[in-house]
A.B. asks: 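Quick one: this structure, given as structure tokens, is what I'll be asking you about.
Nothing here was measured: the structure is a model prediction, and the numbers come from that model.
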Amino acid sequence: MSVYLLYEAASGYALFHAHGLDEIGQNIEAVRSSVLDLNRFGKVVQLTAFYPFESALDALNQCNSVSEGVMTEELRNFLELNLPKVKEGKKPKYSLGVSEPKIGSHIFEETKIPCQSNEFVLELLRGVRFHFDRFLKDLKPGDLEKAQLGLGHSYSRAKVKFNVNRVDNMVIQAIFLLDTLDKDVNSFAMRVREWYGWHFPELVKIVNDNYLYAKVAKYIENKAELSEDKIPELTEILGDEDKAKEVVEAAKASMGQDLSPIDLINVQQFAQRVMDLSEYRKKLHEYLVTKMNDIAPNLASLIGEIVGARLISHAGSLTNLAKCPSSTLQILGAEKALFRALKTRGNTPKYGLIFHSSFIGRASARNKGRMARYLANKCSIASRIDCFAESGSTTFGEKLREQVEERLDFYDKGVAPRKNIDVMKDAIKSLENKDTDVEDTPVEASGKKSKKRKSKVDGEESEPMEEDRPAAVTNGDSETKSEKKKKKKTLAADETEQVNGVNGKHDGTAKKSKKKSKEGDGEAEKSVTKSKKKKKKSKTEESD
């Protein structure tokens, strides 16, 4: 069986025919030794056909399809034109060697061309790659390297742009920066307290907040210059007049040492840096909240923006978090404790990053593990909805949060929670109601126009309606039939009421129905006797 080799170069598709393989014996070591020698390799492998790419964009599209294991129309036409044709009902006497098994399976599904990808074929393709510039005669030196470099750059650039989780990267970077900012702001604020504490040590006990301490230290500068005239401005900073008065009184009897003007300037500049960092931290937190509401609204509404962002960053992306089972999500962030427990055969951890949620803090010590397991289950559902849903909404997250609240009440008070199916049905109904409300708003705006149009249409169609009246007369037989059916139904209902009257139920109604039926029977008998008498009279008159 002859072997053809498909080689995907940067400049186009190339098809090689490997013949005389029996001389080598298909030994991998023999192939490796003959690959480097062009004289030996050129006798075994020969170029059959070459299909150049039209442009750099075409080369990129072909490269993307090959990497994904998809055969394009150009590749299919190239193979069908240059490979030997096989008669119907007969097996081909050749096989196609490819580098990727995925594209080989796709070629076999589409064209029924047998493909193989093994070590022997890969060694042959390695030799083709090594001597490819020698097989093409019209190729100038350096052209192949330029094509490879351009295609490599465009392919990597397209892959970076095509990154599905690129939106998650912003959340991951923001939560990392937020954690580092928290550490830095705390350490810098402690340095400001310690530095300015040499000058005004009493201020540390009066002002506890780091941001306010830096703001007050920057405003006061030298405690000797602080007087009662500055109390209104201090009240604006601190928000409390009593604290402002306390600061002024403490400055008068302070035990701190005096600082030179240069030292005070440095302390003031450092306090300004701490204030800027804390303000930037607030803005970053707002950015993270808005970003989480865009990316994972259900997860954010269920467990909070910060904890949800930490879960996404620890998993690597939202899709990775959605793929995690709830048992993995429960201990996400406690991997060291888990492996330590497995090594020492101790108790495994019950929670990881999920512990920072308020639900586990509200649960009792006995129910913390149960609550973590239940919350992890709901978080996995919310992350999957956020990842794979077409449109984002917080309805599912709010309903899942209600479920967690009900579970807390169940552990504390014993109130039975709703089932998961019922909650999901309510969430779907609320989503549908929102969609209908959105669709109904433009219809109400154009209600007046539609009414005018309806009135015009009614005026035009009022005359032809008279032509439709005879149809009601022709349908008289059907109406009489329907009336007969109605009478039969009423008679059947009367009989059932009579049976109920015998059994002791609805006695009054049964008696009335019996009386009515008797009266009806008497009237019918009278009408029959009258008709008989009239017939007899008419017969006697005719005989006379």
Side-chain angles (χ1 to χ4, degrees), residues 1-56 58-59 62-63 65-67 69 71-72 74-86 91-108 111-152 155:
M1 181 182 282
S2 61
V3 178
Y4 285 87
L5 300 172
L6 176 66
Y7 177 63
E8 305 93 0
S11 54
Y13 292 119
L15 190 67
F16 292 87
H17 183 213
H19 57 86
L21 295 175
D22 295 332
E23 296 176 4
I24 300 173
Q26 293 190 1
N27 190 4
I28 296 171
E29 292 181 359
V31 173
R32 283 175 184 169
S33 61
S34 65
V35 156
L36 299 176
D37 189 5
L38 182 61
N39 294 325
R40 292 182 64 188
F41 189 75
K43 293 176 183 178
V44 177
V45 178
Q46 291 180 354
L47 181 65
T48 305
F50 181 71
Y51 173 76
F53 295 136
E54 295 176 357
S55 62
D58 185 28
Q62 298 292 331
C63 185
S65 61
V66 168
S67 65
M71 181 181 64
T72 58
E74 291 83 0
L75 180 58
R76 181 171 185 166
N77 295 333
F78 173 67
L79 292 174
E80 287 176 350
L81 282 171
N82 297 296
L83 285 172
K85 293 182 180 179
V86 182
K91 293 182 179 179
K93 295 181 181 180
Y94 63 89
S95 64
L96 183 67
V98 292
S99 58
E100 292 292 333
K102 284 185 179 180
I103 194 167
S105 60
H106 193 256
I107 289 169
F108 179 71
T111 60
K112 302 300 179 184
I113 296 170
C115 299
Q116 58 175 339
S117 178
N118 48 29
E119 291 183 8
F120 176 69
V121 171
L122 291 175
E123 287 296 328
L124 289 174
L125 286 170
R126 189 169 70 89
V128 168
R129 193 183 306 112
F130 189 73
H131 302 292
F132 184 68
D133 55 344
R134 305 285 182 87
F135 285 107
L136 297 177
K137 296 178 181 178
D138 298 333
L139 201 66
K140 296 178 182 179
D143 286 349
L144 190 62
E145 286 77 7
K146 288 179 183 177
Q148 288 174 351
L149 187 65
L151 182 61
Y155 180 74

A.B. asks: Is the closest side-chain heavy-atom distance between Leu149 and Glu145 below 4.5 Å?
C.D. replies: no
A.B. asks: Please answer whether the main-chain N or O of Tyr4 pairs with a side-chain N or O of His17 as donor and acceptor at a distance below 3.5 Å.
C.D. replies: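 No.
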A.B. asks: Nearest 0.5 Å please: distance from the OG atom of Ser99 over to the CZ atom of Arg129.
C.D. replies: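 Output value for this atom pair is 7.5 Å.
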A.B. asks: Can you name the residues that form a side-chain contact (heavy atoms from CB on, under 4.5 Å) with Pro52, not counting sequence neighbours?
C.D. replies: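 By the side-chain contact (heavy atoms from CB on, under 4.5 Å) rule, Pro52 matches Phe50.
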A.B. asks: Answer yes or no: are there more than 12 heavy-atom neighbours, outside Glu54 itself, under 6.0 Å from its atom CD?
C.D. replies: no
A.B. asks: So, for Ile107 and Cys115, which heavy atoms are closest and what is the spacing to 0.1 Å?
C.D. replies: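 Shortest heavy-atom separation between Ile107 and Cys115 comes out as CG2-SG, 3.8 Å.
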A.B. asks: How many angstroms lie between atom CD of Glu100 and atom CG of Leu6, to the nearest 0.5 angstrom?
C.D. replies: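 The distance works out to 11.5 Å.
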A.B. asks: Are any of the side-chain heavy atoms of Pro92 and Pro84 separated by less than 4.5 Å?
C.D. replies: no
A.B. asks: So, using ring-ring contact (aromatic ring centres under 6.0 Å, His included) as the criterion, who are the partners of Phe130 when residues are at least two apart?
C.D. replies: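 Once residues adjacent in sequence are excluded, Phe130 has no partner under the ring-ring contact (aromatic ring centres under 6.0 Å, His included) criterion.
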A.B. asks: On a heavy-atom basis, which atom in Gly104 and which in Val98 lie closest, and how many Å separate them?
C.D. replies: CA-CG2, 3.9 Å
A.B. asks: Applying side chain to side chain contact (heavy atoms under 4.5 Å, CB included) to Val3 and Tyr94, what does each step give before you reach the verdict?
C.D. replies: CA-CA 6 Å; Val3 178; Tyr94 63 89; over 6 Å; no
A.B. asks: Going by the rule side-chain contact (heavy atoms from CB on, under 4.5 Å), which residues pair with Phe108 if we only count those two or more places apart in sequence or in a different chain?
C.D. replies: none
A.B. asks: Does any non-hydrogen side-chain atom of Leu151 lie less than 4.5 Å from one of Cys63?
C.D. replies: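 Result yes, sub-4.5 Å side-chain heavy-atom pair found.
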A.B. asks: Enter the distance from Ile103:CD1 to Ser65:OG here, rounded to the nearest 0.5 Å.
C.D. replies: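 Result: 6.5 Å between the selected atoms.
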A.B. asks: Kindly compute the distance separating CD (Glu119) from CZ (Arg126), expressed to the nearest 0.5 Å.
C.D. replies: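 CZ of Arg126 is found 12.0 Å from CD of Glu119.
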A.B. asks: Between Ala9 and Phe53, what is the shortest heavy-atom contact and its length?
C.D. replies: O-CE1, 3.5 Å
A.B. asks: Are the side chains of Met71 and Thr111 in contact, using a 4.5 Å heavy-atom criterion?
C.D. replies: yes
A.B. asks: Do the side chains of Leu47 and Leu136 get nearer than 4.5 Å, heavy atoms only?
C.D. replies: yes
A.B. asks: Quick check: do Leu96 and Leu15 have side-chain heavy atoms less than 4.5 Å from each other?
C.D. replies: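 Yes - at least one pair of side-chain heavy atoms lies under 4.5 Å apart.
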A.B. asks: What pairs of donor and acceptor atoms, side-chain ones from residues 74-81 against any protein atom, are under 3.5 angstrom apart with sequence neighbours left out?
C.D. replies:
from: Glu74; atom 1: OE1; to: Gln62; atom 2: NE2; distance (Å): 3.1
from: Arg76; atom 1: NE; to: Glu80; atom 2: OE2; distance (Å): 3.2
from: Arg76; atom 1: NH1; to: Glu110; atom 2: OE1; distance (Å): 3.4
from: Asn77; atom 1: ND2; to: Glu73; atom 2: O; distance (Å): 3.1

A.B. asks: Relative to the ring of Phe16, is the ring of Phe132 parallel (under 30°), tilted (30 to 60°) or perpendicular (over 60°)?
C.D. replies: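 Ring orientation of Phe132 relative to Phe16: perpendicular.
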A.B. asks: Taking side-chain contact (heavy atoms from CB on, under 4.5 Å) as the definition, give me every residue that meets it alongside Val121, ordered by chain and number, with sequence neighbours left out.
C.D. replies: Leu5, Gln116, Asn118, Leu125
A.B. asks: Could you tell me which residues satisfy side-chain contact (heavy atoms from CB on, under 4.5 Å) with Ala147, sequence neighbours excluded, listed by chain and number?
C.D. replies: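 In terms of side-chain contact (heavy atoms from CB on, under 4.5 Å), with neighbours along the sequence ignored, Ala147 is linked to Ala10.
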